[in-house]
Amino acid sequence: MTDTIQSEIHAILQAAIRAAISAGELSIPDVPDIPFSPTKTPEHGDFATPVALGLAKQAKLPPRKIADTIVAHIEVAAHPQIRQIDIAGPGFINIHLSDEWLYATLRTIVAEGDAYGTCDKGAGQRVQVEFVSANPTGPLNIVSGRAAAVGDTLVNLLNAVGYQAIREFYVNDAGGQVERLGTSIDVRYRQALGETGLQIPEGGYEGEYLREFAQAIADAEGDTYLQLGAAERVSLFRDRGIAHILAQQEASLERFGVQFDVWTSEKAIRDSGKPEEILQLFRDKQYLYEAEDATWFRMSAFGDDKDCVVIRRDGEYTYFVPDAAYHRDKFDRGFHQVINFFGPDHQGHVSRLHNFVKALGLPDDWLEISIIQQVNFVNAEGHREDMSKRRGKFLTLDALVDELAGAIGERFAVDVARYFFLMRANNTHLDFNLELAITEANENPVFYIQYAFARCWSILQKTAEHGITPRRIDKVSLELLTEPMAHELIRKLSEFPALVLFSAEAREVHRIAHYLHELAGLFHPYYNQHRVLDAAHQERTQARLVLTRAVQTVLKNGLALLGISALEKRM
RNA sequence: GCGCCUAUAGCUCAAUCGGAUAGAGCAACGGAUUUCUAAUCCGUAGGUUGCAGGUUCGAUUCCUGCUAGGCGUGCCA
């Protein structure tokens, strides 16, 4: 549990502004939001805030004057971690921290270990994250892999900052698509038994995996199912197909390091009576009307450009009904916040689902939907292939991991795939460069980070060989860490808890990935220029060992959030 | 047509929700190796942030309009 220096500074600034207001020196109604951030250059101190700039208009004073007033209410001497506060440029307040702050950071990291970076901001609130939710009609594709990595990591982040988040997979095991799965398997089954002139029906699934699945049934059980009526056979193959594909998807996810806490069946939702309840609710609220032999929902009343059908001409529900019921169900389960990750092919559904949630009378900000954008696979020749599942041609997650594993081994394959999926913002298209992914060199960020970890580990392993016994941190002279590089490293380490919190709340998992790369990018140069283990300088060695341990801890904690292994040795 | 996303160095991308001089990696060029694991490091070079306006102390970030690319727009889920 980390109490960040940021929250301390925030409190100090807040108190100073409040004091200035009550002293009548600032005529503003209340303490505003105080934006502040680590600085980019050391000249500007360690943290800086432009809060005075923002208040200028409201307080009717020049920004520098406001900054003066605020700073006058901070007693620097009372805060040992603050060395100096000055005002620069148009009115920035720059806070220079003392070296004591750096040492305190190291002590915190060493003391907290695995817990460094966590906090209790979420206050135990329950959050549900639904992701992947691929149809049980085929293997997981690349975008599902990306969604799996992102969703899994977001849950890790949310749990790290004190929420109780769970992973949930919605199984679309009812409706037209799985019917067509049944008919597709039926065709393949009969073909396997030698029947000719059959074709996969329009909208069916042509993938090779169904041919294999049907062949296996034919091999093991022969033509027994031909005696059934067509409808019965299709329905049987549908259910077996769903079970088979679902098991396959689960295995792929497990291989990828993702385990879902809850699998919710659409069929179960349909059978629960909830669809009828919400339809009645919609009817009572006059959201429904009949036209063209179907039942429509007034989506236009919510700002959409057209209404949509909820009960088809043939009496079947469209997917909107179970989907709305599913979200009602999520709400009834008591989640404080629900986050859905949808694939790029579902973007038309985003505003509609929001509207249904509104129509159900649920709070607008309760549901959050992010689109996981397309993944372009850049192959060895540099060609792009798009991953559209509907066109029948797609690369599966397993195929990707297989491909990587062939080059760099199974464990690294998963690490690299996860990192590559996590290094871009969710809503941007992602180019997956396979050539780069299998490179065991510095241009591969995963190896770069893992190598930094391995170096830390190795140093800590070799202390005895060099006649050094690591001491407890309170017996170490941390002030011997004099190099600017060491300071920069510790500063970076200190940012980790705030970053974890920010990433979780902004749902921006890629920031962790970038951070780790930057941290490794500070450690490697330090390692090259400053030898840690040096029997001739025992005291300094002790101090550098603490720094090494701290770097190792943060790398380990960060990688754990991303679900990437921290390996001690080269494979 | 309408909607969503994207556009930043030659390439792939960052930039902590509007802050100070826009940062990394790759590729290019020049260096470091009897190492605490070279999976590394040091240096050089690289920019009118797609275009045009607007908002303001201040814009890669917000607004409007263009341009280009991707995706979506079913009585499929």
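Every chain is numbered from 1, with letters handed out A, B, ... down the list of sequences.
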*What's the closest nucleotide to the Lys57(A) side chain, out of C36(B), C57(B), G70(B)?*
C57(B)
*Distance between the C1' atoms of A14(B) and G47(B), in whole angstroms?*
15 Å
*Ring-base stacking, Phe92(A) with G19(B) (5.5 Å, 30° cut-offs)*: no
*If we take the C1' atom in both G72(B) and A27(B), what is their distance in whole Å?*
36 Å
*Given the C1' atoms of A24(B) and C63(B), what is the spacing between them in whole Å?*
31 Å
*So, does the side chain of Asp173(A) form a donor-acceptor pair with the base of A77(B) at under 3.5 Å?*
no
*May I have the distance from Glu465(A) (atom CD) to U37(B) (atom P), rounded to whole angstrom?*
8 Å
*Inter-nucleotide P distance (G54(B), C13(B)), Å rounded*: 32 Å
*Check whether the side chains of Gln84(A) and Asp86(A) place a donor and an acceptor atom closer than 3.5 Å, and report yes or no.*
yes
*Reckon Asp33(A) touches a base, only the sugar-phosphate, or nothing at all at heavy-atom distances under 4.0 Å?*
nothing
*Looking at every strand, decide which applies to Pro50(A) at a 4.0 Å heavy-atom threshold: base, sugar-phosphate, or nothing.*
base
*Hey, is the main chain of Ala566(A) close enough, under 3.5 Å, to the side chain of Asp415(A) for a donor-acceptor pair?*
no
*asked:* Mind checking if Glu495(A) touches a base, just sugar-phosphate, or nothing, with heavy atoms under 4.0 Å?
replied: nothing
*Select base, sugar-phosphate, or nothing to describe what Gly348(A) touches, counting heavy atoms under 4.0 Å on all strands.*
sugar-phosphate
_Counting only side-chain heavy atoms from C-beta out, which of U73(B), U16(B), U37(B) sits nearest to Lys306(A)?_
U73(B)
*With distance as the sole criterion, is a donor-acceptor pair present between the side chains of His466(A) and Asp534(A) under 3.5 Å?*
no
*asked:* Measure CG/Leu430(A) against P/G70(B) and give the value in whole Å, please.
replied: 17 Å
*How do Pro35(A) and Thr39(A) order along RNA chain B: which one's closest nucleotide is nearer the 5' end?*
Pro35(A)
_Base-pairing assignment for G46(B) (Watson-Crick or G-U wobble, both under 3.5 Å)_ = none
_For A39(B), is there a stacking contact with Phe447(A), counting only centres under 5.5 Å and planes under 30°?_
no
*Nearest-nucleotide wise, let me know which of Gly176(A) and Tyr527(A) is further upstream toward the 5' end of RNA chain B.*
Tyr527(A)
*How would you label the contact of Thr318(A) with the nucleic acid (heavy atoms, under 4.0 Å): base, sugar-phosphate, or nothing?*
sugar-phosphate
*So which nucleotide does U40(B) pair with, by the Watson-Crick or G-U wobble rule with both distances under 3.5 Å?*
A32(B)
_From NZ of Lys40(A) over to P of G18(B), roughly how many Å is that when rounded to an integer?_
13 Å
*Nearest-Å distance for atom pair CG/C1', residues Leu353(A) and C76(B)*: 16 Å
*Between Arg424(A) and U6(B), does any side-chain N or O lie under 4.0 Å from OP1 or OP2?*
no
*Paired with C57(B) by Watson-Crick or G-U wobble geometry, both distances under 3.5 Å: which nucleotide is it?*
G19(B)
*For the pair Phe169(A) and Trp263(A), name the ring-plane relationship: parallel under 30°, tilted 30 to 60°, perpendicular over 60°.*
parallel
*Report yes if the side chains of Tyr419(A) and His517(A) come closer than 4.5 Å at any heavy-atom pair, otherwise no.*
yes
*Whole angstrom value for the distance that separates P of A39(B) from CZ of Phe453(A)*: 18 Å
*If we call it a pair only when both distances are under 3.5 Å in a Watson-Crick or G-U wobble match, what pairs with C75(B)?*
none
_If I compare all heavy atoms of Pro90(A) with all of Pro63(A), which pair ends up nearest, and what's the gap?_
O-CB, 3.4 Å
*ring centroid sep under 5.5 Å plus plane angle under 30, His44(A) with A20(B)*: yes
*Checking all strands, does Ala452(A) fall into the base, sugar-phosphate, or nothing category for heavy-atom contacts under 4.0 angstrom?*
nothing
*Parallel, tilted or perpendicular: ring planes of Phe297(A) versus Phe356(A), cut at 30 and 60 degrees*: tilted
*Mate of A68(B) where both pairing distances stay under 3.5 Å, Watson-Crick or G-U*: U6(B)
*Could you work out the separation of A22(B) and U8(B) based on their C1' atoms and round it to a whole Å?*
8 Å
*Looking only at atom C1', what distance separates C36(B) and U16(B), rounded to whole Å?*
34 Å
*P-based separation of G50(B) from U12(B) [nearest Å]*: 14 Å
*Starting from P on C13(B), measure out to CG on Asn426(A) and report it in whole angstrom.*
15 Å
*Judged by modelled atom types alone, do Tyr170(A) and Asn340(A) share a side-chain donor-acceptor pair under 3.5 Å?*
no
*Tyr451(A), nearest nucleotide to its side chain (from C41(B), C5(B), A39(B))*: A39(B)
*Side chain of His466(A): nearest nucleotide among G70(B), C36(B), A77(B)?*
C36(B)
_Counting only side-chain heavy atoms from C-beta out, which of U40(B), C71(B), C75(B) sits nearest to Trp296(A)?_
C75(B)
*Selected nucleotide, minimal atom distance to Gln347(A) side chain, candidates G72(B), A20(B), C42(B)*: G72(B)
*For Glu518(A) and A15(B), give me the distance from atom CD to atom P, rounded to whole Å.*
10 Å
_Length of the CG-P vector between Leu522(A) and G25(B), whole Å_ = 11 Å
*Expressed in whole Å, how much space separates the P atoms belonging to U60(B) and A15(B)?*
15 Å
